[in-house]
Amino acid sequence: MTNKLKYFIGNWKMFGDFSSFKIVHKINQFSHKLKNKHKIKIILCVPNTLIYFFRKKLKTKYISLGVQNCHSQQDYGPFTGAISSLMLKKAGAEYIILGHSENRAEGESNQLIKKKILSSLKQKLNIIFCIGETFNEKKAGKTFSILKKQIRNSLAKNFNVNKILFAYEPVWSIGTNKIPKIEELEKIIKFIKNEIKKNYKVKKDVKVLYGGSVNSNNIRLFSFIPQIDGFLIGGASQSSKKFIDIMKNYYK
Ligand code: PGA
(Lines give C-alpha, C1' and ligand atoms only; values in the text may rest on other atoms or scores of the structure.)
Protein backbone atom coordinates (compact mmCIF):
# COMPACT_ATOMS: atom_id res chain seq x y z
CA MET A 1 0.00 0.00 0.00
CA THR A 2 1.13 3.48 -0.85
CA ASN A 3 2.82 5.74 1.64
CA LYS A 4 1.88 8.94 -0.22
CA LEU A 5 -0.38 11.50 1.43
CA LYS A 6 -4.05 10.85 0.58
CA TYR A 7 -6.97 13.23 1.00
CA PHE A 8 -10.43 12.12 2.05
CA ILE A 9 -12.77 15.06 1.67
CA GLY A 10 -16.45 15.08 2.53
CA ASN A 11 -18.84 17.32 0.61
CA TRP A 12 -21.95 17.45 2.77
CA LYS A 13 -23.90 19.52 0.21
CA MET A 14 -27.27 20.78 1.55
CA PHE A 15 -27.31 18.57 4.62
CA GLY A 16 -27.03 18.79 8.38
CA ASP A 17 -27.92 20.72 11.50
CA PHE A 18 -26.24 21.27 14.87
CA SER A 19 -26.94 17.67 15.93
CA SER A 20 -24.87 16.47 12.95
CA PHE A 21 -21.78 17.32 14.97
CA LYS A 22 -21.86 13.71 16.11
CA ILE A 23 -20.81 12.68 12.60
CA VAL A 24 -17.88 15.09 12.70
CA HIS A 25 -16.94 13.87 16.16
CA LYS A 26 -16.89 10.20 15.16
CA ILE A 27 -14.83 10.86 12.05
CA ASN A 28 -12.45 12.99 14.10
CA GLN A 29 -11.95 10.20 16.63
CA PHE A 30 -11.38 7.63 13.92
CA SER A 31 -8.92 9.77 12.01
CA HIS A 32 -6.80 10.08 15.12
CA LYS A 33 -6.23 6.31 14.99
CA LEU A 34 -5.70 6.23 11.25
CA LYS A 35 -3.22 9.09 11.28
CA ASN A 36 -0.77 7.05 13.30
CA LYS A 37 -0.66 4.45 10.54
CA HIS A 38 -1.06 6.34 7.27
CA LYS A 39 -0.34 9.71 5.72
CA ILE A 40 -3.85 11.00 5.49
CA LYS A 41 -5.68 14.33 5.46
CA ILE A 42 -9.38 14.47 6.26
CA ILE A 43 -11.46 17.53 5.45
CA LEU A 44 -15.19 17.96 5.91
CA CYS A 45 -16.87 20.66 3.82
CA VAL A 46 -20.08 21.57 5.58
CA PRO A 47 -22.86 24.14 5.10
CA ASN A 48 -22.15 27.77 6.01
CA THR A 49 -24.68 27.51 8.83
CA LEU A 50 -22.53 24.95 10.64
CA ILE A 51 -18.92 25.95 10.09
CA TYR A 52 -18.57 28.28 13.09
CA PHE A 53 -20.38 25.93 15.46
CA PHE A 54 -18.32 22.90 14.40
CA ARG A 55 -15.08 24.84 14.60
CA LYS A 56 -15.86 25.81 18.22
CA LYS A 57 -17.02 22.29 19.17
CA LEU A 58 -13.97 20.49 17.76
CA LYS A 59 -11.55 20.60 20.66
CA THR A 60 -8.84 18.24 19.43
CA LYS A 61 -8.62 18.63 15.71
CA TYR A 62 -7.46 15.71 13.64
CA ILE A 63 -9.59 16.85 10.76
CA SER A 64 -9.97 20.14 8.89
CA LEU A 65 -13.16 21.99 8.08
CA GLY A 66 -14.26 23.71 4.92
CA VAL A 67 -17.26 25.13 3.08
CA GLN A 68 -18.74 24.61 -0.37
CA ASN A 69 -19.04 27.92 -2.22
CA CYS A 70 -18.84 31.70 -1.82
CA HIS A 71 -19.80 34.92 -3.57
CA SER A 72 -17.31 36.28 -6.09
CA GLN A 73 -16.76 39.52 -4.13
CA GLN A 74 -14.10 39.16 -1.52
CA ASP A 75 -15.26 41.39 1.33
CA TYR A 76 -18.64 42.97 2.13
CA GLY A 77 -21.12 44.46 -0.33
CA PRO A 78 -24.72 44.92 -1.45
CA PHE A 79 -25.37 41.26 -2.34
CA THR A 80 -28.49 40.07 -0.56
CA GLY A 81 -28.19 36.58 0.84
CA ALA A 82 -24.59 36.17 -0.27
CA ILE A 83 -21.54 35.17 1.79
CA SER A 84 -18.00 36.18 0.89
CA SER A 85 -14.74 34.30 1.27
CA LEU A 86 -13.74 36.78 3.98
CA MET A 87 -16.84 35.95 6.04
CA LEU A 88 -16.25 32.22 5.64
CA LYS A 89 -12.63 32.53 6.61
CA LYS A 90 -13.62 34.50 9.71
CA ALA A 91 -16.19 31.83 10.57
CA GLY A 92 -13.43 29.22 10.63
CA ALA A 93 -13.22 27.71 7.14
CA GLU A 94 -9.82 26.48 6.04
CA TYR A 95 -10.93 24.93 2.74
CA ILE A 96 -13.52 25.83 0.13
CA ILE A 97 -15.02 23.81 -2.72
CA LEU A 98 -15.40 25.88 -5.90
CA GLY A 99 -16.69 25.04 -9.36
CA HIS A 100 -18.84 22.13 -8.27
CA SER A 101 -21.02 20.89 -11.13
CA GLU A 102 -24.16 21.42 -9.06
CA ASN A 103 -23.27 25.11 -8.94
CA ARG A 104 -22.22 25.17 -12.59
CA ALA A 105 -25.65 23.68 -13.41
CA GLU A 106 -27.21 26.74 -11.77
CA GLY A 107 -25.31 29.05 -14.07
CA GLU A 108 -21.78 29.39 -12.70
CA SER A 109 -19.44 30.07 -15.61
CA ASN A 110 -15.68 29.54 -15.71
CA GLN A 111 -15.32 33.34 -15.55
CA LEU A 112 -17.37 33.55 -12.36
CA ILE A 113 -15.50 30.62 -10.81
CA LYS A 114 -12.25 32.42 -11.63
CA LYS A 115 -13.38 35.42 -9.54
CA LYS A 116 -14.35 33.14 -6.66
CA ILE A 117 -10.98 31.39 -6.80
CA LEU A 118 -9.18 34.74 -6.76
CA SER A 119 -11.20 36.01 -3.79
CA SER A 120 -10.61 32.78 -1.87
CA LEU A 121 -6.88 32.82 -2.62
CA LYS A 122 -6.72 36.37 -1.26
CA GLN A 123 -8.30 35.10 1.95
CA LYS A 124 -5.70 32.33 2.09
CA LEU A 125 -8.31 29.62 1.86
CA ASN A 126 -7.25 26.28 0.39
CA ILE A 127 -9.31 25.53 -2.67
CA ILE A 128 -10.86 22.31 -3.87
CA PHE A 129 -11.50 23.15 -7.51
CA CYS A 130 -13.95 20.81 -9.27
CA ILE A 131 -13.81 20.07 -12.97
CA GLY A 132 -15.47 17.41 -15.09
CA GLU A 133 -17.39 16.68 -18.25
CA THR A 134 -21.10 15.89 -18.70
CA PHE A 135 -22.31 12.61 -20.17
CA ASN A 136 -22.98 14.20 -23.57
CA GLU A 137 -19.54 15.77 -23.65
CA LYS A 138 -18.00 12.41 -22.83
CA LYS A 139 -20.02 10.71 -25.57
CA ALA A 140 -18.85 13.32 -28.03
CA GLY A 141 -15.22 12.60 -27.09
CA LYS A 142 -14.76 16.07 -25.61
CA THR A 143 -13.56 15.14 -22.10
CA PHE A 144 -10.01 16.42 -22.50
CA SER A 145 -10.95 19.63 -24.27
CA ILE A 146 -13.60 20.44 -21.65
CA LEU A 147 -11.16 19.87 -18.80
CA LYS A 148 -8.58 22.04 -20.52
CA LYS A 149 -11.09 24.83 -20.99
CA GLN A 150 -12.32 24.64 -17.40
CA ILE A 151 -8.76 24.89 -16.12
CA ARG A 152 -7.52 27.62 -18.47
CA ASN A 153 -10.61 29.79 -18.20
CA SER A 154 -10.78 29.62 -14.40
CA LEU A 155 -7.12 29.94 -13.48
CA ALA A 156 -5.04 32.94 -14.48
CA LYS A 157 -1.34 32.32 -15.08
CA ASN A 158 -0.39 34.15 -11.90
CA PHE A 159 -2.76 32.29 -9.53
CA ASN A 160 -1.05 30.35 -6.77
CA VAL A 161 -2.01 26.86 -7.89
CA ASN A 162 -0.08 25.39 -4.97
CA LYS A 163 -3.09 26.30 -2.80
CA ILE A 164 -5.44 24.35 -5.06
CA LEU A 165 -6.49 20.71 -4.93
CA PHE A 166 -8.02 19.65 -8.25
CA ALA A 167 -11.05 17.39 -8.04
CA TYR A 168 -11.95 15.51 -11.20
CA GLU A 169 -15.68 14.88 -10.93
CA PRO A 170 -17.37 13.63 -14.10
CA VAL A 171 -20.87 15.09 -13.90
CA TRP A 172 -22.45 11.81 -15.02
CA SER A 173 -20.89 10.06 -12.07
CA ILE A 174 -22.13 12.31 -9.27
CA GLY A 175 -24.81 10.62 -7.19
CA THR A 176 -25.47 8.01 -9.89
CA ASN A 177 -23.45 5.00 -8.72
CA LYS A 178 -21.61 5.10 -12.03
CA ILE A 179 -17.83 5.38 -12.01
CA PRO A 180 -15.31 5.75 -14.82
CA LYS A 181 -13.32 2.83 -16.20
CA ILE A 182 -10.10 2.59 -14.25
CA GLU A 183 -7.83 2.86 -17.35
CA GLU A 184 -9.71 5.93 -18.55
CA LEU A 185 -9.58 7.53 -15.13
CA GLU A 186 -5.85 6.99 -14.89
CA LYS A 187 -5.32 8.76 -18.23
CA ILE A 188 -7.51 11.68 -17.19
CA ILE A 189 -5.75 12.17 -13.85
CA LYS A 190 -2.37 12.17 -15.63
CA PHE A 191 -3.69 14.61 -18.22
CA ILE A 192 -4.86 17.07 -15.53
CA LYS A 193 -1.52 16.89 -13.73
CA ASN A 194 0.35 17.56 -16.98
CA GLU A 195 -1.90 20.45 -17.94
CA ILE A 196 -1.23 22.19 -14.65
CA LYS A 197 2.50 21.51 -14.69
CA LYS A 198 2.78 22.78 -18.28
CA ASN A 199 0.88 26.00 -17.76
CA TYR A 200 1.38 27.13 -14.17
CA LYS A 201 4.14 27.61 -11.66
CA VAL A 202 3.96 24.53 -9.49
CA LYS A 203 6.24 24.11 -6.50
CA LYS A 204 5.32 20.62 -5.40
CA ASP A 205 3.29 17.80 -6.85
CA VAL A 206 -0.05 18.76 -8.36
CA LYS A 207 -2.76 17.11 -6.26
CA VAL A 208 -5.66 15.60 -8.18
CA LEU A 209 -8.59 13.95 -6.45
CA TYR A 210 -11.41 11.87 -7.85
CA GLY A 211 -15.08 12.45 -6.95
CA GLY A 212 -18.32 10.82 -8.06
CA SER A 213 -20.17 7.92 -6.39
CA VAL A 214 -17.21 6.91 -4.24
CA ASN A 215 -18.32 4.33 -1.68
CA SER A 216 -16.86 1.62 0.55
CA ASN A 217 -17.36 -1.04 -2.14
CA ASN A 218 -15.67 0.67 -5.07
CA ILE A 219 -12.86 2.42 -3.16
CA ARG A 220 -10.52 -0.58 -3.59
CA LEU A 221 -10.65 -0.14 -7.36
CA PHE A 222 -9.44 3.45 -7.06
CA SER A 223 -6.58 2.42 -4.81
CA PHE A 224 -5.01 0.76 -7.88
CA ILE A 225 -4.39 4.21 -9.37
CA PRO A 226 -1.49 5.65 -7.37
CA GLN A 227 -1.77 8.97 -9.24
CA ILE A 228 -5.06 9.73 -7.47
CA ASP A 229 -4.21 11.85 -4.44
CA GLY A 230 -7.54 11.42 -2.72
CA PHE A 231 -11.31 11.56 -2.98
CA LEU A 232 -14.17 14.04 -2.82
CA ILE A 233 -17.04 12.15 -1.29
CA GLY A 234 -20.62 13.44 -1.42
CA GLY A 235 -23.53 11.26 -0.27
CA ALA A 236 -21.38 8.80 1.65
CA SER A 237 -19.81 11.58 3.74
CA GLN A 238 -23.15 12.31 5.40
CA SER A 239 -22.76 9.13 7.47
CA SER A 240 -19.77 8.62 9.75
CA LYS A 241 -19.93 4.86 9.19
CA LYS A 242 -19.93 5.09 5.40
CA PHE A 243 -17.15 7.66 5.38
CA ILE A 244 -15.00 5.69 7.82
CA ASP A 245 -15.60 2.43 5.90
CA ILE A 246 -14.31 4.09 2.75
CA MET A 247 -11.05 4.96 4.49
CA LYS A 248 -10.78 1.54 6.13
CA ASN A 249 -11.28 -0.28 2.85
CA TYR A 250 -8.87 1.94 0.99
CA TYR A 251 -6.05 0.82 3.26
CA LYS A 252 -7.14 -2.82 3.55
P1 PGA B 1 -21.34 11.74 -4.66
O2 PGA B 1 -20.99 13.30 -4.83
O3 PGA B 1 -20.21 11.11 -3.89
O4 PGA B 1 -22.64 11.74 -3.90
O5 PGA B 1 -21.47 11.17 -6.03
C6 PGA B 1 -19.69 13.74 -5.04
C7 PGA B 1 -19.68 15.25 -5.12
O8 PGA B 1 -20.67 15.83 -5.57
O9 PGA B 1 -18.70 15.89 -4.72
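When a ligand or atom number is given, it counts from 1 through the structure's own listing order.
Here's the thing with I233: none of its N/O atoms is less than 3.5 angstrom from an N/O atom of ligand 1. At a 3.5 angstrom cut-off on N or O pairs, E169 counts as close to ligand 1. The shortest N/O to N/O separation between L232 and ligand 1 does not fall below 3.5 Å. Every N/O-N/O distance between E102 and ligand 1 stays at or above 3.5 Å. Considering backbone and side-chain atoms together, G235 places an N or O closer than 3.5 Å to an N or O of ligand 1.
In this structure, K41 fails the cation-pi test against Y7, since its NZ or CZ atom is not both closer than 6.0 Å to the six-membered ring centre and inside 45 degrees of the ring normal. A cation-pi arrangement is absent between K35 and Y62, since the terminal nitrogen or guanidinium carbon is not both under 6.0 Å from the aromatic centre and inside a 45° cone about the axis.
In this pair, F21 and F53 present their aromatic rings perpendicular. The plane angle is above 60°, beyond the 30 to 60° band. Classified by interplanar angle (parallel below 30°, tilted 30° to 60°, perpendicular above 60°), the ring pair H38/Y251 is parallel. Between W12 and F54, the ring planes lie perpendicular to each other; the angle is over 60°, past the 30° to 60° tilted range.
With salt bridges taken as basic N to acidic carboxylate O contacts below 4.0 Å, one links D229 and K193.
Taking 4.0 Å as the cut-off, S213 counts as a neighbour of ligand 1 on heavy-atom distance. Contact annotation: A236 has no heavy atom less than 4.0 Å from any atom of ligand 1.
In the vicinity of H100, heavy-atom distances shorter than 4.0 Å reach the ligand 1 atoms 7 (C), 8 (O), 9 (O). Under a 4.0 Å criterion applied to the non-hydrogen atoms of N11, ligand 1 contributes the atoms 7 (C), 8 (O), 9 (O). Near K13, with a cut-off below 4.0 Å to any heavy atom, the atoms of ligand 1 are 2 (O), 7 (C), 8 (O). Within the listing of ligand 1, atoms 5 (O) sit less than 4.0 angstrom from a heavy atom of G212.
Checked by atom type and distance alone, the side chain of Q150 pairs as donor or acceptor with a backbone atom of G132 at under 3.5 Å.
With a 4.5 Å cut-off on side-chain heavy atoms, I23 and F243 do not count as touching.
Contacts between I174 and ligand 1, counted as non-hydrogen atom pairs separated by less than 4.0 Å, involve both the backbone and the side chain.
When only non-hydrogen protein atoms are considered, atom 3 (O) of ligand 1 lies nearest to G234 N, 2.9 Å.
Checked against F191 for a ring pair (Phe, Tyr, Trp, His ring centres under 6.0 Å), the options F144, F166, Y168 give a single hit: F144.
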